[in-house]
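Some notes on the structure that comes next.
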Amino acid sequence: KRYALQGSRWRVKNLTYKISKYPSKLNRAEVDNELAKAFAVWSDYTDLTFTQKRSGQVHIEIRFEKGEHGDGDPFDGPGGTLAHAYFPVYGGDAHFDDAEMWSINSRRGTNLFQVAAHEFGHSLGLSHSDVRSALMAPFYRGYDPAFQLDQDDIQGIQALYGHKTQTDIGGPLPAAPSVPRA
Amino acid sequence: RSSAAPTFGGADKAMAEHDAYFQMYLAQYGYLSPSVRNPSSGHIMDESSWRRAIAEFQSFAGLNATGELDEETTKVMSLPRCGVRDKVGFGESRA
């Protein structure tokens with residue numbers, strides 16, 4: 001075992017999130033899509049589900065902010081710190097530095113999907129891993145077009161939320177077989 | 001680089017600033033007491049704490065844990081990264 005657990009986790013498996021403040025330089029629909037993909041990284045291996053809401057109370061609030069943004073941990077402009085997130089015991093919110101050049105499916109800039117998937121790992125209770133190939137390693141490694149979750153990350157999230165018991169089959173469930181009445 | 005704890009009062013101002021930057025880095029990510037980040041705390045750091053913090057960072061980052069703030073170590077410290085602490089213990093919680 002190399003992954004690290006912070007010590008808190010969500011007691012429910014159906015979690016909601018809201019993007020309260022979008023990045024200034026990206027299309028909102030694309031951001032919605034990338035962040036949904038980032039959550040799916042974790043729901044692919046557990047029974048967790050993530051549902052986006054536009055308003056009201058949610059479990060995980062997401063904001064793109066510059067500099068000081070109210071939590072006493074100001075962002076530092078391009079490079080350096082890219083984002084941070086709170087563990088479940090502190091609310092699970094994720095903040096991204098809007099001064100970064102966030103990118104989608106591109107080697108230029110900082111890949112939003114990969115960083116978001118990492119931050120959501122914190123939102124779910126994972127700490128940083130010292131396995132270099134793990135998503136939960138603290139350093140940004142650059143765009144990986146063939147991104148896959150490392151076994152270390154899978155073991156970590158399943159230690160918190162268990163294995164996936166329901167398989168996504170990519171379509172509607174077949175009709176239940178009829179059972180003759182006794 | 002010298003492994004000695006930074007003094008910030010020497011003739012080599014650039015070197016002191018260099019050390020101060022990485023001292024703040026180590027405090028920010030949980031390898032040194034957060035009081036290091038607050039100059040008014042009067043925190044005085046001894047050389048063994050400084051070397052131990054560097055070695056712990058090196059070990060976590062997969063580098064040789066020499067306790068020396070060498071070029072390879074500062075290069076890794078300069079990489080873009082997540083703002084969450086690597087090590088909990090020196091005041092884990094955020095406000």
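A note on names: the letters A, B, ... follow the listed sequences, proteins ahead of strands, and every chain is numbered from 1.
Legend: residues meeting side-chain contact (heavy atoms from CB on, under 4.5 Å) with B/L79, ordered by chain and number and at least two apart, are A/F139, B/V76. Taking the side-chain contact (heavy atoms from CB on, under 4.5 Å) definition, one finds that A/S133 meets it with A/V131, A/D150, sequence neighbours left out.
Around CG of A/D47, the count of heavy atoms belonging to other residues, nucleotides or ligands within 6.0 Å exceeds 12. Surrounding CZ of A/R9 are at most 12 heavy atoms belonging to other residues, nucleotides or ligands under 6.0 Å away. Other residues, nucleotides and ligands contribute over 12 non-hydrogen atoms within 6.0 Å of the CD atom of A/E68. Within 6.0 Å of CD on B/E72 lie no more than 12 heavy atoms contributed by other residues, nucleotides or ligands.
Residues A/A85 and B/V84 approach most closely at O-CG2, 3.4 Å, considering heavy atoms. Residues A/T81 and B/C82 approach most closely at CG2-C, 4.4 Å, considering heavy atoms.
Residues A/Y140 and A/M101 fall into different hydrophobic clusters, defined by Ile, Leu, Val, Met, Phe, Trp and Tyr side chains chained together at heavy-atom separations under 4.5 Å. With hydrophobic clusters built from ILVMFWY side chains whose heavy atoms lie under 4.5 angstrom apart, A/F75 does not share a cluster with A/Y86. Tracing side-chain contacts under 4.5 Å through hydrophobic residues (I, L, V, M, F, W, Y), one never reaches A/V58 starting from A/F87; they form parts of separate clusters.
The most heavy-atom pairs under 4.5 Å with chain B, out of A/A137, A/S127, A/G79, A/A83, come from A/A83.
Taking the side chain as every heavy atom from C-beta outward, B/F60 and A/H128 approach each other to under 4.5 Å.
Within residues 105-121 of chain A, the residues having any heavy atom under 4.5 Å from a heavy atom of chain B are, by residue number, A/H118, A/E119. Residues of residues 14-35 of chain A lying under 4.5 angstrom from chain B, judged on non-hydrogen atoms, do not exist.
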